[in-house]
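What follows is one structure encoded as structure tokens, with my remarks underneath.
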Amino acid sequence: MRRATGRLADETFDLLIIGGGATGACVARDASLRGLKTALIERGDFANATSAHNSKLIHGGLRYLRNFELSLVRESLHERRIWQRIAPHLVRPLPFLIPLRGGGFAARAALSAGLTLYDALAFDRGRLDDPAQRLPGHSWLDAQAAKRLEPVIDANDLGGAFLYYDAQMYSPERLALECLLDADEHGAAIANYVEAERLLLRRGRVEGANVRDKRSGVAFDVRARVTLLAAGPWADLFMEDALSKPASHKLARSKGIHLVTAPLSRHYALAVAARHGHFFVLPWRGRTLLGTTDVPFSGNPDQLSVSEKDIEDFLDFVNRHLPAARLSRSAIDYAYAGLRPLVYDGSSDTYTASRRSELVDHGREDSLVGLYSAIGGKWTTSRRLAQSVVDTIARATGARLDKCRTATEPLPGGRIGRFEEFRQSLMSASPERDNIAHLAQLYGALLPRVLSQLKDGPSLLDPIAPTGDIAAQVAYAVREEMALTLADVILRRTGIGQLGLPTEHALDRASRLMADELGWSEATRVSEVSATRSHYEPTATP
């Protein structure tokens, strides 16, 4: 996949997508597979914001049942199964325990009813070819059985725990990237670090956008019959700039932070209820991912950060409700923050706000024909939202499109059949590679392409970090995956920096490999290392 800035400037498209997160990537894939001439631009790197900074879950939304959002839960559970099928390397089952304290019958009965309904709405969860991907129904464990499974839930008043199943992403960044790789294979013109500066308007119709290549500084027009804004937390702000007035559809932004620590649980995720909310203890890549907060955010999304107070407050919350964890500040290896873009419903409570999505037709709302916005939603339902977007565009333009295939067509790395058989075949062929399990999950069927970089020298097989990543991944990311900065590689193309600040050796080795590929000066290389390192530094104040 190469940056298609030449095509963007020279061709006219059926669809221009502004935004390269989960929604934009899924729309680009759907549209290109169905025959639309598609362009996508992203002002930063792909999946660099909300789509990366989340709890890594593909889930039905058990707690949405409290709001009686049965259709959203059913849609989410259906889409969960689809992601398991089309990306079996990146989306895998995850067992959860919900510990109940106090032993109250009412609380247990209510949760049992909710889980029973959750199972019923997931009636097709076993319709997968791979038995390892099929999710069992829920069950009840008494206190002793629950503590044997996960000692960290030990408490004097533990009444027991419910066991249920959802799914987890190994890398949301790569899941979005694979959607874009598939779109690229089917003719889409894609470029990161290209920012839309203004809409192209003629007689009340939007005909694309004037954009600027942030790498070269060159501005040019991208022309399209239809333009879709898929800008996540920035969507309404972009529209306000475009209209010079308040946007017709506002977003409520919710800040969620996550902390990475040494393992707190053995094999199970924990969903811990609290008086005002809940949090997850998630096993992820040999670490624990703690998430998440849900706090209204009214600032500039570009200024989002994690403060030391954020970390202290969340640690206090976790320790209060999971005292056996005994977490101190020194236990935190990495902290990151994301913004949930929620469809604004007038409420100030973002925790109970719906995670539904909405497609806005600005021809009806703002007299801007040919412009749409996709707002709200979540990772799990992004594929289904994309299908709806493309269906709507087809009806509006009279285009005759192929049938949607994104629910059945595997992603490029997902063309592997049963994951465990695939992994074992790789292990048998390459027993000396201790990191093959990690690489198999990151790349799936694309791994042979990554390893083909070894033709340039056996040193590219060398481990570059304790995470299991190797030097060949850096070369591959630059050559085939549009990685332009060190942060692109460290944070989004590989696992080198997703568990915390990489070692000096890893930063030095990766930056020198990129310098060789991209012709960086020594000053540029040092600057890239410094910029990447700063990503891991919490701010002093909220």
Side-chain angles (χ1 to χ4, degrees), residues 53-57 62-63 94-104 107-108 111 140-164 166 168 255-295 305-338 351 466-467 497-503 536-542:
H53 300 133
N54 49 55
S55 299
K56 325 295 186 189
L57 295 177
L62 176 62
R63 71 182 180 89
L94 181 65
F96 278 82
L97 292 179
I98 308 178
L100 289 186
R101 298 175 66 174
R108 176 175 168 180
L111 189 50
W140 169 255
L141 304 173
D142 65 28
Q144 292 305 313
K147 285 190 284 190
R148 280 196 298 271
L149 289 178
E150 294 297 349
V152 74
I153 66 175
D154 190 13
N156 292 331
D157 60 346
L158 181 68
F162 280 104
L163 169 63
Y164 79 102
D166 259 313
Q168 183 179 53
K255 177 179 176 178
I257 73 164
H258 292 80
L259 309 177
V260 177
T261 75
L264 294 178
S265 62
R266 293 174 174 174
H267 305 291
Y268 294 79
L270 308 178
V272 182
R275 182 181 296 273
H276 301 292
H278 74 285
F279 63 91
F280 292 126
V281 179
L282 304 166
W284 185 63
R285 299 196 190 183
R287 300 289 198 281
T288 283
L289 181 63
L290 292 170
T292 175
T293 60
D294 199 321
V295 179
S305 64
V306 180
S307 71
E308 285 293 346
K309 187 175 188 310
D310 289 333
I311 296 173
E312 292 170 8
D313 288 349
F314 191 36
L315 282 178
D316 180 64
F317 182 67
V318 172
N319 284 328
R320 216 166 45 240
H321 295 93
L322 195 68
R326 299 184 184 90
L327 284 170
S328 64
R329 177 63 181 87
S330 61
I332 306 307
D333 297 322
Y334 180 33
Y336 63 83
Y351 180 73
T467 52
Q498 292 191 343
L499 300 176
L501 178 64
T503 64
Y536 297 89
E537 299 169 357
T539 58
T541 58

4.5 Å side-chain heavy-atom contact, Leu94 and Leu282 = yes

Might you work through the ring pair (Phe, Tyr, Trp, His ring centres under 6.0 Å) test for Phe317 and Phe279, ending with a clear yes or no?
-> CA-CA 9 Å; Phe317 182 67; Phe279 63 91; 5.6 Å; yes

For atom CZ of Arg320, is the number of surrounding heavy atoms from other residues, nucleotides or ligands below 6.0 Å larger than 12?
-> yes

Under 4.0 Å between a Lys/Arg side-chain N and an Asp/Glu carboxylate O for Asp310 and Lys255?
-> yes

How far does NE2 of His321 sit from CG of Asp316, to the nearest 0.5 angstrom?
-> 9.5 Å

To the nearest 0.5 Å, tell me how far Gln168 CD sits from Trp284 CH2.
-> 8.0 Å

For Leu57 and Phe96 the tightest heavy-atom approach is CD2-CZ, 3.9 Å

Is the side chain of Tyr536 donor-acceptor paired with the backbone N or O of Ala335 at a distance under 3.5 Å, no angle test?
-> no

Drop me the distance from Ser265's OG to Phe280's CZ, to the nearest 0.5 angstrom.
-> 13.0 Å

Apply side-chain contact (heavy atoms from CB on, under 4.5 Å) to Tyr268 and Leu163, showing your working.
-> CA-CA 9 Å; Tyr268 294 79; Leu163 169 63; 3.7 Å; yes

Identify the heavy atoms of Gly286 and Pro263 that sit nearest to each other, and give their distance.
-> O-CG, 3.2 Å

State, to 0.1 Å, how close Ala273 and His278 come at their nearest heavy-atom pair, and which atoms those are.
-> CA-CB, 4.2 Å

State the NZ-CZ distance between Lys309 and Phe314, to the nearest 0.5 angstrom.
-> 14.0 Å

Just wondering, do Leu289 and Tyr336 contact through their side chains at under 4.5 Å, heavy atoms?
-> yes

Would you say Thr467 and Gln498 make side-chain contact, with heavy atoms under 4.5 Å?
-> no

Stepwise, does the side-chain contact (heavy atoms from CB on, under 4.5 Å) test hold for Leu264 with Leu290?
-> CA-CA 10 Å; Leu264 294 178; Leu290 292 170; 4.1 Å; yes

Below 4.5 Å, heavy atoms only, C-beta onward: do His267 and Pro283 meet side chain to side chain?
-> no

Arg287 to Tyr334 six-membered ring, cation-pi geometry met (6.0 Å, 45°) = no

Candidate pair Asp333 and Leu499, rule side-chain contact (heavy atoms from CB on, under 4.5 Å), full reasoning | CA-CA 7 Å; Asp333 297 322; Leu499 300 176; over 6 Å; no

Closest heavy-atom pair, Ala146 versus Ala161, reported as atoms and distance to 0.1 Å, is CB-CB, 3.8 Å

Any side-chain heavy atom of Ile98 within less than 4.5 Å of one from Tyr164?
-> yes

Identify the two heavy atoms, one from Ser55 and one from Thr292, that lie closest to each other, and give their separation to 0.1 Å.
-> OG-CG2, 4.0 Å

Would you check if Lys147 and Leu158 make a side-chain contact, meaning some heavy-atom pair closer than 4.5 Å?
-> yes

Roughly how far apart are Asp154 CG and Gln144 CD, rounded to 0.5 Å?
-> 8.5 Å

May I ask you to test the Thr288-Val260 pair for a side-chain heavy-atom distance under 4.5 Å?
-> no

For Ile257 and Thr293, work out which heavy atoms get closest and say how close.
-> N-OG1, 2.9 Å

Walk me through it: do Phe162 and Leu111 pass the test side-chain contact (heavy atoms from CB on, under 4.5 Å)?
-> CA-CA 8 Å; Phe162 280 104; Leu111 189 50; 3.6 Å; yes

Check whether any side-chain heavy atom of Glu312 sits under 4.5 Å from a side-chain heavy atom of Ser307, and report yes or no.
-> no

Any chance you could measure His258, atom NE2, to Asn54, atom CG, to the nearest 0.5 Å?
-> 6.5 Å

